[in-house]
Amino acid sequence: FDRFVAEVGPVLAERCAAATCHGAPLADLHLTCGETLEEQRWNHFIATQFLGDPVRQSELLRRPLAPERGGAFHVGGLAPLNFSLSCQAL
């Protein structure tokens with residue numbers, strides 16, 4: 001959990017949790033800003049629901065990757081590295 005909060009949570013919050021993406025309450029992978037312990041726990045819980053066996057083939061890991069790098073199609077597209085919409089805007 002600590003590693004998720006330190007390494008994964010910030011990436012999901014910045015690149016995936018916008019209100020028009022996975023920050024929308026009806027999203028299947030609904031993410032929060034991850035600013036409180038409760039939000040961090042929710043993000044950890046929901047992310048683990050999208051892990052498969054083997055983990056390296058999980059949709060959660062493959063969707064953000066470009067198809068030529070082993071990624072899977074993602075309707076939302078690939079989040080740019082300089083994505084700047086902060087969770088505070090939600």
Hydrophobic clustering (ILVMFWY, side-chain heavy atoms < 4.5 Å, transitive) - are Leu51 and Val11 grouped together? no
Under 4.5 Å between side-chain heavy atoms, hopping through other hydrophobics if needed: is there a path connecting Phe50 to Val8? yes
Where does the angle between the aromatic ring planes of His44 and Phe4 fall among parallel (under 30°), tilted (30 to 60°) and perpendicular (over 60°)? perpendicular
Within a radius of less than 6.0 Å around CD of Gln49, do more than 12 heavy atoms belonging to other residues, nucleotides or ligands occur? yes
Is there a donor-acceptor pair closer than 3.5 Å between any side-chain N or O of Asn43 and the backbone N or O of Leu31? no
Would a distance-only check, ignoring hydrogens and angles, find a side-chain to backbone donor-acceptor pair under 3.5 Å from Glu39 to Glu35? yes
Any side-chain heavy atom of His22 within less than 4.5 Å of one from Asp28? yes
Would you compute the distance between atom CG of Leu29 and atom CG of Leu12 and round it to the nearest 0.5 angstrom? 7.5 Å
If you look at every heavy atom in [X] and [Y], which pair is closest and at what distance?
X     : Y     : value
Ser58 : Gly52 : OG-N, 2.5 Å
Ala27 : Cys21 : CB-O, 3.9 Å
Ala24 : Ala19 : CB-O, 3.4 Å
Ile46 : His30 : CG2-O, 3.5 Å

